[in-house]
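Below, chain A is the first sequence line, B the second, and so on; all start at residue 1.
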Amino acid sequence: MIEEKKAFIDRQEKWMRFWGTHPEFYHGKDDSEKEKKYVLVEFPYPSGLGLHIGHAFTFTGGDVYARFKRMQGYNVLFPMGWDAFGLPTENYAIKTKQRPQRVTADNTTVFEEQMKKLAFSFDWQRKIDTTDPNYYRWTQWIFVKLFEKGLAYKEEMPINWCPSCKIGLANEEVINGKCERCGTAVERRTISQWVVKITDYADKLLEGLERTNFVEKVKLSQINWIGKREGLNINFVVKNSDLKISCFTKYPETIFGVSWVVVSPEYSDLAKLVTEEQKAAVYEYIKQAAGRSELDRTSGTLEKTGVFTGSYVINPVNNKAIPIWVGDYVLANFGTGAVMGVAPHDSRDFLFAQKYNLEMIQVEVPKDKADYKIDSYEKVIEDGVMIGSEQFNGMQARSEANKAISDWMVEQKWAQYKTEYHLRDWIFSRQHYWGEPIPMIYCEKDGWVTVAEDQLPVALPEVEHYEPTDDGKSPLSKIESFVKTTCPKCGGEAVRETDTMPNWAGSDWYYLGYLLSLKSKVESPKNIFTQQQEKIKHWLPVDVYIGGDEHNTLHLLYSRFIYKFLFDLGVLPNDEPYQKRVSHGVILGPDGARMSKSKGNVVVPETVADTYGVDVVRCYLMFMGPFDGTMAWDEKTLMGVKRFLDRFHVYFSRQISHTKTNSDSKDDTNLIIQRTIKGVTEDVENFRYNTALAKMMEMLNKLSASGFQLSIENVKVGLQLLAPFAPYITEDLYQQVRSEGDPMSVHISRWPKWEEKYLMEEKVTMAVAINGKLRDQIVVESKKIKVESEIIKQAKSTEKIKKWLENKTIIKEIYVPGKMVNLVVEG
RNA sequence: GCCGCUGUGGUGAAAUUGGUAUACACGCAAGACUUAAAAUCUUGUGGUCUCAAAAACCGUGUGGGUUCGAUUCCCGCCAGCGGCACCA
């Protein structure tokens with residue numbers, strides 16, 4: 001056992017050294033004449049735990065594809081880098097009293113070593129790091145451009161606030177409404193933050209999807225997130241006041257049934273709406289609501305709550321006064337922050353009305369059921385025939401009344417047509433140290449001014465403490481030398497913005513970063529995107545982008561937005577960054593639960609690789625299930641893969657020593673090999689790695705059983721097919737059969753092609769069915785497959801089929817060439 | 001709550017445009033080698049019926065539908081999983 005172990009370790013070290021001396025094998029060339037393929041995997045956050053099994057799984061998947069495409073003769077770009085800003089590093093740095101820069105450097109070194117060992121064929125000369133000032137200078141440059149184009153603005157936005165720790169918390173740090181560290185109930189506070197106007201791009205982001213080749217589920221998640229809805233903004237005048245409340249609705253046909261209006265607890269005019277006698281109740285309610293997360297507030301599992309403000313609005317269509325409520329299921333930063341309530345035609349509204357005893361005015365009935373009464377939330381009607389709605393009575397709600405009432409209300413100037421989006425503007429400020437400083441300066445005279453382009457980057461200064469400050473501001477705010485500056489416009493005294501950017505900022509354009517030389521300061525202030533346009537044109541768009549489902553909505557949307565923005569600036573050749581998106585799956589622990597340190601079910605790829613070898617880990621990860629599936633780690637199945645690789649090694653070693661004296665090629669082995677080439681090529685092309693490996697197992701089983709010798713060409717083919725999956729073992733064997741003039745490495749050799757003529761078998765087995773039920777099989781000569789009448793005749797003549805046809809009449813004969821004959825009988 | 005996905009042997013899973021359900025692998029059982037164990041190799045392995053075999057019947061979460069034929073397409077139901085804007 002120990003000796004066997006040593007053998008694969010020696011093999012790995014030997015070939016890792018060899019590849020190390022030839023980094024050009026894996027370089028993407030900016031000026032190649034070959035067709036390009038840009039294969040992108042999401043770059044990791046370099047955590048202190050080292051490479052996780054999920055990384056190994058995803059990167060192996062990308063690596064197999066990149067190696068396959070490279071062998072097929074494409075000029076492949078397969079880069080890697082570090083998405084290194086973020087909370088975990090900051091928290092770890094605080095805990096261990098180290099600089100986050102130091103922690104990041106240590107972690108990325110470990111990541112890179114582990115990746116090299118796992119034989120990922122990354123183009124290391126293009127490595128990027130989002131925390132490198134040469135990199136984040138351009139992240140900041142993008143922000144400056146956003147501001148210049150009016151797409152970044154300051155606004156009061158809510159954050160999670162822990163009153164005990166006195167810091168702002170990420171959603172992740174809020175557990176059941178309590179602070180993760182101290183358990184105190186978390187409050188919501190609003191503070192002034194930078195917001196990016198992604199909503200301006202909502203239509204472009206929707207429309208651009210049509211030009212991509214994303215799988216349907218990814219397109220859907222983008223479409224649903226943008227959530228475009230056509231409707232009406234209805235203006236309600238507040239009784240005895242000059243205030244107005246505007247409510248967005250998709251269903252204005254229910255206007256005659258509106259019996260209350262609800263505004264969010266953060267509604268800007270709320271104070272003016274609350275009457276003296278309701279003040280105490282409303283303030284108490286707002287205090288409670290501050291403690292609830294957004295998800296809780298909108299969740300159906302919690303009861304909808306609210307409180308009366310004491311004021312009324314007038315329904316413009318009938319001049320009826322209806323009460324104004326505050327309810328926390330209405331969100332301030334979504335829509336107008338106010339909604340109208342129609343109890344009988346929306347189940348949530350019904351429950352709310354029932355709870356607070358509000359009026360229910362039914363304005364629709366099912367067709368031909370004029371006396372239908374809605375008395376439970378399960379009976380609400382969402383599309384009926386109009387009643388109690390004056391001239392609109394009798395119309396079908398959605399198909400007729402919706403348009404008629406909308407037109408009428410707009411004509412009367414009670415409402416405007418409005419397109420609403422689920423998508424909200426993007427809060428871009430974080431009150432933390434470990435992120436890109438937002439390159440803005442505030443001057444009393446000139447307001448917010450951008451840092452000049454040739455002054456970028458605004459570097460992260462050294463600080464004593466990395467903890468957020470007790471007033472909720474970033475630690476940068478405590479460094480006077482950083483904060484105090486002069487206004488770029490008037491030269492007067494000014495202060496810097498001390499918030500930093502969210503983690504998304506660096507990952508929005510990293511696939512561009514790989515293409516460019518970011519280092520040279522000389523290129524400033526001219527932007528590198530224009531200066532290095534040739535490289536960008538050569539490589540973009542990304543051909544295949546492999547990533548997790550958790551990024552199919554936000555990361556994809558944000559990065560598509562930034563890309564489209566840069567396109568509009570005129571620095572990019574096209575407006576969609578990714579041609580195709582592939583989702584990878586998730587590896588669960590051996591217990592079927594998500595791997596986590598606290599559950600103790602974490603599998604570390606490096607440990608497994610040290611025990612069984614890198615090739616075994618890679619092949620097992622690709623074999624355990626479909627690439628986009630959720631699969632539990634199972635060491636026993638891994639042993640099966642190890643057995644396969646051992647047998648593969650033994651079989652091919654033996655063949656190699658034999659082929660040196662014998663290079664006859666048997667037709668039977670040709671058939672097996674050729675079929676495998678076809679199957680594996682098609683499977684790998686479509687990321688069906690598990691079946692590709694199954695086909696190679698079949699190949700090995702059949703070849704070993706046949707006892708025939710392989711020709712030297714077929715030996716090479718066998719090695720090439722497995723090479724993307726098991727780079728070490730195949731390189732080792734390849735070097736033993738490599739002859740003068742062959743490529744230096746199996747990994748830069750040319751992927752084999754199959755020929756149809758070898759795939760034909762002389763005889764084919766076909767199924768014979770009676771009424772669709774399989775009854776017998778016949779063996780047919782391949783040449784005759786096209787002669788339908790003869791094969792049906794043969795099918796009818798077998799003993800078994802004759803028995804089934806006794807005393808029956810055939811009423812139909814169906815023939816599927818090469819597959820089956822189905823006889824439909826009667827009697 | 002909203003959005004999305006999945007359901008096939010004891011297990012992970014496979015099945016081209018609707019055309020022989022369970023490829024490949026794990027596990028299990030029996031056997032070979034061995035003093036023995038491990039490793040390795042060989043054979044078998046959806047269910048019912050049978051000493052066994054043959055034959056037949058049943059079988060892709062569940063109830064319907066379309067079709068000569070449904071794991072695949074359509075409708076209803078049940079169960080489980082994932083995402084939800086400050087984790088990345």
Side-chain angles (χ1 to χ4, degrees), chain A residues 1 4 42-45 47 83 85-88 157-160 168-174 193 198 216-218 220-221 223-225 227 294-302 304 329 333-334 347-348 422-432 502-504 507 548-555 557-558 583 586 594 620 623-626 628-641 643-644 646-647 650 682 688 690-691 693-698 701 765-777 800 811-816 818-825:
Chain A
M1 191 64 190
E4 185 193 354
E42 284 172 356
F43 66 158
Y45 180 81
S47 85
D83 187 15
F85 276 130
L87 268 185
M157 284 289 186
I159 57 162
N160 301 310
L169 299 174
N171 279 349
E172 197 198 39
E173 299 172 295
V174 181
Q193 308 198 65
I198 188 172
E216 214 44 43
K217 121 175 158 177
V218 177
L220 262 179
S221 76
I223 291 169
N224 288 331
W225 194 258
E294 202 166 278
L295 192 58
D296 283 346
R297 281 171 56 166
T298 51
S299 163
T301 53
L302 283 183
K304 301 282 172 291
Y329 68 95
N333 47 359
F334 182 50
S347 53
R348 278 172 311 169
H422 170 257
L423 181 70
R424 288 182 246 150
D425 278 343
W426 176 14
I427 303 176
F428 210 75
S429 288
R430 302 290 183 271
Q431 296 72 43
H432 283 278
N503 205 268
W504 309 102
S507 58
D549 279 344
E550 70 276 23
H551 291 148
N552 280 345
T553 313
L554 291 180
H555 163 65
L557 198 72
Y558 290 153
S583 289
V586 178
R594 259 173 199 279
Y620 169 62
F623 181 69
M624 63 196 295
D628 60 356
T630 305
M631 300 145 297
W633 182 265
D634 177 12
E635 193 121 343
K636 280 181 174 159
T637 307
L638 178 138
M639 291 308 291
V641 174
R643 269 200 285 278
F644 161 66
D646 287 345
R647 286 194 297 129
V650 168
E682 288 170 353
R688 292 191 300 249
N690 54 334
T691 51
L693 279 163
K695 278 166 189 148
M696 280 184 274
M697 290 174 179
E698 240 174 304
N701 291 346
T765 305
M766 282 178 55
V768 184
I770 308 283
N771 290 344
K773 284 209 162 191
L774 177 71
R775 294 303 177 191
D776 200 7
Q777 292 187 328
K800 279 186 191 168
I811 54 171
K812 204 170 176 186
E813 293 168 347
I814 292 148
Y815 177 64
V816 185
K819 297 265 178 181
M820 72 178 317
V821 174
N822 186 18
L823 304 171
V824 185
V825 301

Euclidean distance for C1', B/C33 against B/U22 (whole angstrom): 33 Å
B/U11 versus B/G76 - spacing of their C1' atoms, nearest Å: 32 Å
Among B/A13, B/A85, B/G19, the one nearest A/V816 by side-chain distance: B/G19
N/O donor-acceptor pair, side chain A/Q193 with base B/C86, under 3.5 angstrom: yes
Plane angle bin for A/W633 and A/Y620 - parallel if under 30°, tilted between 30 and 60°, otherwise perpendicular: perpendicular
Heavy-atom side-chain proximity of A/D634 to A/M624 below 4.5 angstrom: no
Derivation and outcome, side-chain contact (heavy atoms from CB on, under 4.5 Å), residues A/N701 and A/R647: CA-CA 9 Å; A/N701 291 346; A/R647 286 194 297 129; 3.3 Å; yes
N/O donor-acceptor pair, side chain A/H555 with base B/A85, under 3.5 angstrom: no
A/M157 and A/S429, any side-chain heavy atoms less than 4.5 Å apart: no
Flag side-chain contact, heavy atom, 4.5 Å: A/L823 against A/R775: no
Sugar-phosphate only, base, or nothing, as touched by A/E42 at under 4.0 Å among non-hydrogen atoms: nothing
Whole-Å distance separating the CG atom of A/N552 from the C1' atom of B/G82: 11 Å
Within-4.5 Å side-chain heavy-atom neighbours: A/M820 and A/L774: no
Side chain to side chain, A/L423 and A/L557, heavy atoms closer than 4.5 Å: yes
Whole-angstrom distance between B/G82 and B/G64, as gauged at atom P: 32 Å
Sugar-phosphate, base or nothing in reach of A/Q777, heavy atoms under 4.0 Å: base
A/F623 side-chain proximity, nearest of B/C26, B/A85, B/A25: B/A25
Side-chain (A/N771) to main-chain (A/V825) donor-acceptor, under 3.5 angstrom: yes
Among B/A88, B/U20, B/U16, the one nearest A/L87 by side-chain distance: B/A88
Sugar-phosphate, base or nothing in reach of A/G625, heavy atoms under 4.0 Å: nothing
C1' spacing across the pair B/C2 / B/C75, given as an integer number of angstrom: 23 Å
Among B/G4, B/G83, B/A88, the nucleotide that comes nearest once only the side chain of A/R594 is considered: B/G83
B/A23 phosphate, OP1 or OP2, under 4.0 Å from A/N690 side-chain N/O: no
Pairwise P distance, B/C28 and B/G83 [rounded to whole Å]: 34 Å
Nearest-nucleotide pick for A/K819, side chain only, options being B/G83, B/U20, B/G19: B/G19
Test item: A/F428 and A/Q193 side chains (from C-beta on) under 4.5 Å apart, heavy atoms: no
Among B/G19, B/A13, B/C24, the one nearest A/M697 by side-chain distance: B/C24
Selected nucleotide, minimal atom distance to A/N224 side chain, candidates B/C3, B/A88, B/G27: B/C3
A/V586 vs A/R594 side-chain heavy atoms within contact, under 4.5 Å: yes
Sugar-phosphate, base or nothing in reach of A/T765, heavy atoms under 4.0 Å: base
Phosphate OP1/OP2 of B/A39: any A/R647 side-chain N/O under 4.0 Å: no
Sugar-phosphate only, base, or nothing, as touched by A/P626 at under 4.0 Å among non-hydrogen atoms: sugar-phosphate
Involving RNA chain B, stems made of at least three consecutive Watson-Crick or G-U pairs, both distances under 3.5 Å: B:1-7 with B:78-84, B:10-12 with B:24-26, B:27-32 with B:40-45, B:46-48 with B:56-58, B:61-65 with B:73-77
Sugar-phosphate only, base, or nothing, as touched by A/T630 at under 4.0 Å among non-hydrogen atoms: sugar-phosphate
5'-most by nearest nucleotide on RNA chain B - A/A767 or A/Y45: A/A767
Value in whole Å for how far the C1' atom of B/U11 lies from CG of A/L638: 16 Å
Protein-nucleotide distance (A/L554, atom CG; B/A85, atom C1'), rounded to Å: 5 Å
Phosphate OP1/OP2 of B/C41: any A/R643 side-chain N/O under 4.0 Å: no
Candidate nucleotides B/A56, B/A88, B/C84, ranked by approach to the side chain of A/R775 - the nearest: B/A56
Separation of atom OH in A/Y558 from atom C1' in B/C84, rounded to whole Å: 11 Å
Mind listing the N/O atom pairs, protein and nucleotides 66-71 of chain B, below 3.5 Å?
from, atom 1, to, atom 2, distance (Å)
B/C68, O2, A/N822, ND2, 2.3

Syn/anti state of B/G82 by chi, 90° boundary around 0: anti
Spacing between A/Y815 atom OH and B/G19 atom P, to the nearest angstrom: 16 Å
Contact under 4.0 Å: A/R424 side-chain N or O vs B/A85 OP1/OP2: no
Pairwise C1' distance, B/G10 and B/G46 [rounded to whole Å]: 10 Å
A/M696 CE to B/A25 C1', straight-line distance once rounded to whole Å: 14 Å
Separation of the C1' atoms in B/A39 and B/A88, to the nearest angstrom: 44 Å
Sidechain-backbone polar pair: A/D425 side chain, A/I198 backbone, donor-acceptor under 3.5 Å: yes
Aromatic ring pairing A/H555/A/W504, orientation class (parallel under 30°, perpendicular over 60°, tilted between): parallel
Atom-pair distance (CG on A/N701; P on B/A23), nearest Å: 13 Å
Span that lies between the C1' atom of B/A38 and that of B/G47, in whole angstrom: 35 Å
Touch class at under 4.0 angstrom, heavy-atom based, for A/H432 against every strand present: nothing
A/H432 side chain near A/F85 side chain, heavy-atom distance below 4.5 Å: no
Touch class at under 4.0 angstrom, heavy-atom based, for A/E550 against every strand present: base
Closest-nucleotide ordering on RNA chain B, the 5'-leading residue of A/K636 and A/P44: A/K636
Whole-Å gap separating P (B/A25) and NZ (A/K695): 14 Å
Main-chain N/O of A/G772 paired with A/N822 side-chain donor or acceptor, under 3.5 Å: yes
Which nucleotide in B/G12, B/A55, B/A85 has an atom nearest any side-chain atom of A/K800: B/A55
